Structure formats: structure tokens, C-alpha cells
Colleague: 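This is the structure I have questions about; it appears just below.
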Amino acid sequence: MASSRVTIIGSGNWGCVAAKLIMSNTIKLGFISRMWVYEECSSKWRETHGCQQRNQRKKPNILLGIKLGENVVADPDLDNAVKDATMLVFVTPHQFMEGICKRLVGKIKPDVEAISLIKGMEVKTEGPCMISSLISDQLGINCCVLMGANIANEIAVEKFSEATVGFRENKEVAERWVQLFSTPYFQVTAVQDIEGVELCGTLKNIVAIAAGLIDGLEMGNNTKAAIMRIGLAEMRAFSKLLFSSVKDSTFFESCGVADLITTCMGGRNRKVAEAFARDGGKRSFDELESQLLQGQKLQGVLTAKEVHTVLNNRGWLEMFPLFTTVYEISVGCLPPTAIVEYREHKSKSC
Ligand code: NAD
Ligand code: 13P
């Protein structure tokens, strides 16, 4: 670990907080880490946020209002950011990962270890592909995942939370990631169920859209709890159908029920879906995302589409009424009120 060099790929809300967590540990070890920034160091961003950039290390080390560690260097040059890294932390919205992986081929050390904090999946013609598999397959490297009940703004101000590292085989590597992220206010546990952990983080975003719709319709707490319970059941069923190795116990880790609860109570997916339902679906999710999130990205709507493609291709639509209804509402085939009528509805148009 002492000779490790960490590069964080992504500098959004969670990326910056992940950098803060990592830096509080790496600073003790005395090495400099890099963070690849897509746009936050552009002149437009720099008008409103201080940002430490390569060769400009005297600038205030704050990004998106989050004070990073003293030893993080923000770097807009992806090749330069990764070239010496021995540990790569991927934390961008999932829709950009395929392009980023293509750019990284041949640019990283062959024995680099990776971890994905990204909640989402890709669907290819051959079937669904988790983001950790995309990274492993395209770059030929081992990749763990870290998921959990982790609303970034709360961790930024050091409120206690937990997270789960998912790994495939190598417990020693997983424990190295646990060590890198753990702080007194951020407790991390490793479990040997990479698919289960990653699917929990991915699928709860669809349920959070449903929970937001319930809030927008002012249906109350019992209805929201019912939606969360049904959502959790669909998350487990879908995960086990895709990967028979997925463990029930994973759903009781931070990545499972805890992340589902926090995202349905206070996440961005919930917030945007609430606004969507409040004005009866008149403004699209894309429009609301740019109006309400100021450059941050929504994952639940894209994930609902990706999961719908899998359900449709495999003839599983009827087994997942909540996931299906969230998709149909998000593309305007059904009104927001259909979220509480989903057992009866049979959509013809989607
Ligand atoms: P974000 O939504 O705050 O920001 C979006 C980021 O995408 C910005 O850094 C922007 O510069 C970048 N971007 C925009 N266009 C791009 C492009 N074409 N290529 C590459 N990057 C581009 O990001 P975030 O909240 O850090 O989310 C990253 C991942 O972390 C997501 O999978 C999310 O689900 C997950 N996550 C987020 C939180 C949270 O509370 N924010 C918590 C846990 C997990
Ligand atoms: P949102 O993207 O809905 O804010 O969820 C963040 C998250 O994943 C919390 O764990």
C-alpha cells in the first residue's frame, strides 16, 4: 500500500467526496493522488469553484464546495492522470464509462487494481453487462465495487454512514480497498458477492424514481413503504435471475436495504421524480434533470430503460410490474398516477 498511487476517475458529487475519504487515508502514507476531472476545472467552473489543478497546487483545494485532502491533484488530462496509477477508482455516471474505457486501453499499468463506485449497467446485444465487468473486460484488470447508503453531501460533512465492498475472489485486494476508504465516520465491510452488491446499487435507483412519484402524488408513508418493499423484492428476483450466485444476505448489507431507504428518502432520483409527478409529467425527466440538478446526472431513468430492455428480451416483463411501470411512466406511455395502479395496468403502447 505504501508504494500505491491512486487515481480517481470522476469529479462529480460522489467523486469529490470519495476523493476526500481516500485522501484522509493516503495523506498519512505521504503520497500524491490524482483525480481526473471532466469539466470542473474548466474556466466556467473555476468562476464559481476553487480547484487545484496540475502545476497549480497553491490554489484552494475545494471542488463542488468539498474540501479535498492536501495531496490531491485535479487533472483534466485523462492519460496523464492514470499513467502512474496502481489503484484506479471509477466514479462517473455510468453512461460515460464505455467511452472512458476505450480511451484507457493501453494507457494504464497492466497490474493496476480497480474499484467501481458507479451505480448502473450497460445493455449490449449479447445481454446486460455490469460496469465492473465492462472495466475488467475492456481493460483486462481486476475490478471490485463499492456501494452503500451514501448520499454524498452527508458524507462530505462527515455524518456517519456505512458501505459495502463487493469482490469476486481475492479477499486481500478487497481488504485493501476497505482500508483505503474507511474512516471513523465511513465504515466499510467486504462481501464476496460482486454481482449482488453492484445490482443492489444499480436497481435501487429505479425504486427511488417510484418513491419520488409517490411523494409527488402525496400518497403518504404507507404507500411509499409498500413501493420500497415491492421494489426490494423485484431487486432480489432480478439479481438472482441474472446471477444465481447472488446471496440473500447481500440485501441486508449497506448496499442493499440501507441504500434503498436513503435514496428513496433523500436522493436525486427521488427529488426529480417528485417534481415530474407534481406537474403531471408535463416536463420530461431530461428537462427536470438539467433544471434541478445543475450538471449532476440522474441514473434511475436510464437504468429503468436498460432493465426494461433485458426484461423485454427475456420475456420477464410480467414478473417485474414495478420496474416495468417506472419505465413506461418515464417515457410518457403512462401517467405518473399509474405507479399506484401498476398491478392492474396492461400497457399497449410501450
Ligand atoms: P454527478 O452526477 O454529481 O456529476 C456528473 C459528472 O459527470 C460531472 O463530474 C460531470 O463533469 C461529468 N460528465 C458530464 N459529461 C461527461 C462526459 N461526457 N464524460 C465524462 N464525464 C462527464 O456525479 P456523481 O454523483 O459523482 O455520480 C457518479 C456515480 O456515483 C454515479 O453512478 C452515481 O450513481 C454514483 N453515486 C452517487 C452518489 C451521490 O450521492 N452523488 C452516491 C453514491 C453513488
Ligand atoms: P441519487 O443519485 O438518487 O442521489 O442516489 C445517491 C446514492 O446512490 C446514495 O447512496
Side-chain angles (χ1 to χ4, degrees), residues 8-21 35-42 44-45 49 51 63-66 74 76 78 81 89-104 115-122 130-132 134-135 145-157 159 161-164 181 186 197-198 200-212 215 253-275 285 288-290 292-304 306:
I8 299 150
I9 298 174
S11 53
N13 203 225
W14 187 214
C16 290
V17 178
K20 175 181 162 149
L21 290 168
M35 178 164 74
W36 175 62
V37 292
Y38 174 72
E39 62 188 350
E40 283 80 2
C41 283
S42 67
K44 188 171 150 232
W45 270 95
H49 304 278
C51 173
L63 203 51
L64 302 183
I66 296 156
L78 182 61
V89 177
F90 288 94
V91 56
T92 69
H94 75 279
Q95 59 269 35
F96 305 128
M97 271 312 293
E98 194 151 22
I100 291 171
C101 281
K102 283 194 181 124
R103 288 176 61 187
L104 289 177
I115 194 162
S116 169
L117 277 51
I118 299 167
K119 295 174 176 173
M121 69 201 288
E122 285 286 324
M130 300 315 294
I131 299 299
S132 64
L134 183 84
I135 293 166
V145 297
L146 182 144
M147 309 277 141
N150 299 147
I151 291 187
N153 294 344
E154 296 178 15
I155 302 168
V157 291
K159 291 183 177 167
S161 69
E162 299 178 309
T164 315
F181 281 94
F186 193 72
V197 173
E198 197 167 4
C200 279
T202 299
L203 298 172
K204 62 85 194 175
N205 283 336
I206 308 178
V207 188
I209 297 283
D215 286 345
E253 299 289 347
S254 177
C255 64
V257 67
D259 195 9
L260 178 71
I261 293 169
T262 202
T263 312
C264 289
M265 305 302 279
R268 300 168 298 185
N269 285 287
R270 189 218 64 82
K271 177 179 173 172
V272 175
E274 179 185 23
F285 273 97
L288 288 165
E289 177 186 68
S290 55
L292 299 178
L293 298 187
Q294 285 108 27
Q296 294 183 37
K297 298 286 176 193
L298 202 62
Q299 306 298 290
V301 170
L302 270 176
T303 304
E306 284 144 4

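The basis for the numbers below is simple: all heavy atoms, side chains too, and nothing from hydrogens, waters or symmetry mates. Whatever order the structure lists them in is the order used to number ligands and atoms, beginning at 1. Quick caveat, the model's predicted, so the values are computed rather than measured.
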Colleague: Among Q296, K119, H94, R103, whose heavy atom sits nearest atom 32 (O) of ligand 1?
Modeller: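 Of the listed residues, K119 has the closest heavy atom.
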
Colleague: Nearest 0.5 Å, please: how far is CD1 in I209 from SG in C264?
Modeller: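 Between C264 SG and I209 CD1, I get 10.0 Å after rounding to 0.5 Å.
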
Colleague: Out of E289, K297, R268, who is nearest to atom 33 (C) of ligand 1 when you count heavy atoms only?
Modeller: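 Among E289, K297, R268, the closest heavy atom to atom 33 (C) of ligand 1 belongs to R268.
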
Colleague: Which atoms of ligand 1 sit under 4.0 Å from any heavy atom of G15?
Modeller: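 Within the 4.0 Å cut-off of G15, ligand 1 contributes 26 (O).
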
Colleague: Closer than 3.5 angstrom, by distance alone: can the side chain of T164 be matched with the main-chain N or O of E253 as a donor-acceptor pair?
Modeller: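 Side chain of T164 to backbone of E253, a donor-acceptor pair under 3.5 Å: no, none is there.
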
Colleague: Minimum heavy-atom separation for L146 to A163, with atom names?
Modeller: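 Minimum heavy-atom separation between L146 and A163: CD2-CB, 4.0 Å.
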
Colleague: Could you tell me, atom by atom, which parts of ligand 1 come under 4.0 Å of a heavy atom of I151?
Modeller: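 Per the distance check, 40 (O).
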
Colleague: Should the pair F96 and Y38 be assigned to parallel (<30°), tilted (30 to 60°) or perpendicular (>60°) ring geometry?
Modeller: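 It falls in the parallel class, under 30°.
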
Colleague: What atoms in ligand 1 come closer than 4.0 Å to a heavy atom of G295?
Modeller: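 Heavy-atom distances to G295 below 4.0 Å select 5 (C).
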
Colleague: Using the test ring pair (Phe, Tyr, Trp, His ring centres under 6.0 Å), find all partners of F285 that sit at least two apart in sequence or belong to another chain.
Modeller: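 If we apply the ring pair (Phe, Tyr, Trp, His ring centres under 6.0 Å) test to F285, skipping adjacent residues, the hits are F276.
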
Colleague: So, E289 side chain and V272 main chain: donor-acceptor pair closer than 3.5 Å or not?
Modeller: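 Not a single qualifying donor-acceptor pair exists.
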
Colleague: Looking at K119 and M147, would you say the former's side chain and the latter's main chain have a donor-acceptor pair under 3.5 Å?
Modeller: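 Judged by distance alone, no pair lies under 3.5 Å.
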
Colleague: Throw together a table of side-chain donor-acceptor distances under 3.5 angstrom for residues 200-208, partners on residues two or more places apart or in other chains.
Modeller:
unit_1	atom_1	unit_2	atom_2	d
T202	OG1	G120	N	3.1
T202	OG1	G120	O	3.4
T202	OG1	E198	O	2.7
K204	NZ	T263	OG1	3.1
N205	OD1	N269	ND2	3.2

Colleague: Of all residues at least two apart in sequence or in a different chain, which pass the salt bridge (Lys or Arg N to Asp or Glu O under 4.0 Å) check with E306?
Modeller: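 In terms of salt bridge (Lys or Arg N to Asp or Glu O under 4.0 Å), with neighbours along the sequence ignored, E306 is linked to no residue.
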
Colleague: Measure N13 to ligand 1 on non-hydrogen atoms and call it side chain, backbone, both or neither using the 4.0 Å cut-off.
Modeller: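 Looking at N13 and ligand 1, atoms from backbone and side chain both fall under 4.0 Å.
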
Colleague: At what distance, to the nearest 0.5 angstrom, does CD of Q95 lie from CD1 of I131?
Modeller: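 It comes to 9.0 Å.
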
Colleague: Should you measure from each heavy atom of A152, which atoms of ligand 1 turn up under 4.0 Å away?
Modeller: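 Going through ligand 1 atom by atom, the ones under 4.0 Å from A152 are 39 (C), 40 (O), 41 (N).
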
Colleague: Ligand 1 versus F96, non-hydrogen atoms closer than 4.0 Å: side chain, backbone, both, neither?
Modeller: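 For F96, only side-chain atoms sit under 4.0 Å from ligand 1.
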
Colleague: Using a 4.0 Å heavy-atom cut-off, say whether M147 meets ligand 1 through its side chain, its backbone, both or neither.
Modeller: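 None of M147 does.
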
Colleague: Using atom types as modelled and distance alone, determine if a side-chain donor or acceptor of W36 lies under 3.5 Å from a backbone N or O of P76.
Modeller: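 Checking the backbone N and O of P76 against the side chain of W36, a donor-acceptor pair under 3.5 Å is found.
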
Colleague: Take M97 and E122 through the side-chain contact (heavy atoms from CB on, under 4.5 Å) test and state the conclusion after the steps.
Modeller: CA-CA 9 Å; M97 271 312 293; E122 285 286 324; 5.6 Å; no

Colleague: Identify, by atom number and element, the atoms of ligand 1 in contact range of S11, meaning under 4.0 Å from any of its heavy atoms.
Modeller: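 Checking each atom against S11, I get 9 (O).
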
Colleague: If you measure from each non-hydrogen atom of L117 to ligand 1, which part falls under 4.0 Å: side chain, backbone, both or neither?
Modeller: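 Contact part for L117 vs ligand 1: backbone (N, CA, C, O).
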
Colleague: Please list, in number order, the atoms of ligand 1 under 4.0 Å from a heavy atom of I118.
Modeller: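 That gives atoms 32 (O) of ligand 1.
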
Colleague: Measuring from atom 7 (O) of ligand 1, which candidate in G10, A149, G148, P93 has the nearest non-hydrogen atom?
Modeller: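 Heavy atom nearest to atom 7 (O) of ligand 1 belongs to P93.
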
Colleague: Provide, line by line, the atom pairs where ligand 2 and the protein bring an N/O atom each to a distance under 3.5 Å; else say none.
Modeller:
unit_1	atom_1	unit_2	atom_2	d
ligand 2	2 (O)	R268	NE	3.2
ligand 2	2 (O)	R268	NH2	3.1
ligand 2	2 (O)	N269	ND2	3.4
ligand 2	3 (O)	R268	N	3.0
ligand 2	3 (O)	N269	N	3.0
ligand 2	3 (O)	N269	ND2	2.8
ligand 2	4 (O)	R268	N	2.7
ligand 2	4 (O)	R268	NE	3.1
ligand 2	5 (O)	K204	NZ	3.4
ligand 2	8 (O)	K119	NZ	2.8
ligand 2	8 (O)	K204	NZ	2.7
ligand 2	10 (O)	K119	NZ	2.9
ligand 2	10 (O)	G148	O	3.0
ligand 2	10 (O)	N150	N	2.9
ligand 2	10 (O)	D259	OD1	2.7

